[in-house]
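To start, the structure under review is shown below, and the notes come after it.
Heavy-atom basis, side chains included; hydrogens, waters and symmetry copies ignored.
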Amino acid sequence: QEQLIESGGGEVHPGDSLTLSCESPRRTLPLHTVAWFRQAPGKEREFVATISRTGGWINYAASVKGRFTISRDNDKNAVYLRMDSLSVDDTAVYLCARKVGVGTTYDTSQYDYWGQGTQVTVSA
């Protein structure tokens with residue numbers, strides 16, 4: 001059974017940057033489109049960004065476009081999320097997920113494996 005492992009979260013101030021990483025011990029990430037989602041307390045899970053297997057197609061949520069950058073290194077079996085100009089509204093648990101369905105990338109049911117998440121807290 002596959003598992004995804006996120007890392008890189010932390011507590012930062014508004015305007016700071018963080019880079020999150022997502023890896024899979026079974027090295028299956030290079031075979032899939034991967035997405036980052038986030039979930040804040042009391043809110044639904046929200047799509048953040050996605051990247052295709054080769055990195056040739058990338059899409060962002062409007063709320064993060066221009067501030068966040070998703071990338072991948074298939075040789076290292078990793079997907080990254082660089083987050084710049086963080087604001088308190090970005091505070092959430094960030095999760096990566098492996099896409100297996102052919103539906104929209106915004107739909108959480110299209111993903112089979114999820115990580116446990118890494119906490120990002122932005123506070124003044």
Can you check side chain to side chain contact (heavy atoms under 4.5 Å, CB included) on T118 and L20, steps first, answer last?
-> CA-CA 8 Å; T118 184; L20 308 182; 3.9 Å; yes
Under the side chain to side chain contact (heavy atoms under 4.5 Å, CB included) criterion, do M83 and D90 qualify, and how do the steps go?
-> CA-CA 9 Å; M83 306 184 294; D90 295 316; over 6 Å; no
T91 and Q119: side chain to side chain contact (heavy atoms under 4.5 Å, CB included), yes or no, with the steps?
-> CA-CA 8 Å; T91 295; Q119 176 71 45; 4.1 Å; yes
Please assess E46 against S63 for the test side chain to side chain contact (heavy atoms under 4.5 Å, CB included), listing each intermediate value before the final yes or no.
-> CA-CA 10 Å; E46 173 190 26; S63 58; 3.8 Å; yes
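Closest approach of Q110 to T104, counting heavy atoms only: CG-O, 3.4 Å. Listed here is the closest heavy atom pair of K43 and Q39: O-NE2, 3.1 Å. When every heavy atom of S85 is checked against every heavy atom of S17, the shortest pair comes out as N-OG, 4.3 Å. Of all heavy-atom pairs between E23 and A78, the closest is CG-CB, 4.0 Å. Shortest non-hydrogen contact noted between L4 and C22 is CB-SG, 4.3 Å.
Under the 4.5 Å side-chain heavy-atom criterion for Ile, Leu, Val, Met, Phe, Trp and Tyr, V120 and W114 are members of distinct hydrophobic clusters. Y106 and F37 fall within the same hydrophobic cluster, defined by Ile, Leu, Val, Met, Phe, Trp and Tyr side-chain heavy atoms under 4.5 Å apart, directly or through other members. Using a 4.5 Å cut-off between side-chain heavy atoms of Ile, Leu, Val, Met, Phe, Trp and Tyr, with links allowed through other members, L29 and V48 fall into the same hydrophobic cluster. Following chains of ILVMFWY side-chain contacts shorter than 4.5 Å, one cannot reach L86 starting from V93, and the two form parts of different hydrophobic clusters. Linking ILVMFWY side-chain heavy atoms closer than 4.5 Å, directly or via other members, places I51 and V64 in a single hydrophobic cluster.
N74 places no side-chain N or O within 3.5 Å of a backbone atom of N77 that could act as its donor or acceptor partner. Side-chain atoms of E6 come within 3.5 Å of backbone N or O of Q116 as a donor-acceptor pair. Of the possible donor and acceptor atoms, one in the side chain of S52 sits under 3.5 Å from a partner among the backbone N and O of W57.
Side-chain contact annotation: R82 with S71, donor-acceptor N/O pair under 3.5 Å absent. For the residue pair N59 / T105, no side-chain donor-acceptor distance below 3.5 Å is found, with atom types taken as modelled. Under the 3.5 Å distance criterion, with hydrogens and angles disregarded, a donor-acceptor pair is assigned to the side chains of R38 and Y94.
I58 has its side chain out of reach of T50: every pair of non-hydrogen atoms, C-beta onward, lies at least 4.5 Å apart. Residues S123 and E11 meet the side-chain proximity criterion, which asks for heavy atoms closer than 4.5 Å. When side chains are defined from C-beta on, T19 does not count as touching L81, because their heavy atoms never get closer than 4.5 Å. When side chains are defined from C-beta on, P25 counts as touching E2, because their heavy atoms get closer than 4.5 Å. For the pair V88 and P14, the minimum side-chain heavy-atom distance is below 4.5 Å. The shortest distance between side-chain heavy atoms of V79 and I70 falls below 4.5 Å.
In this structure, the separation between OH on Y80 and CZ on R72 is 11.0 Å, given to the nearest 0.5 Å. Considering CG of D75 and CZ of R27, their distance stands at 8.0 Å, rounded to 0.5 Å.
Between F47 and Y60, the gap from one ring centroid to the other reaches at least 6.0 Å. In this structure, F68 has its ring center no closer than 6.0 Å to that of W36.
The existence of a salt bridge linking K99 and D112 is excluded, since no basic side-chain nitrogen approaches an acidic carboxylate oxygen closer than 4.0 Å.
In the displayed structure, R53 atom CZ is contacted under 6.0 Å by at most 12 heavy atoms of other residues, nucleotides or ligands.
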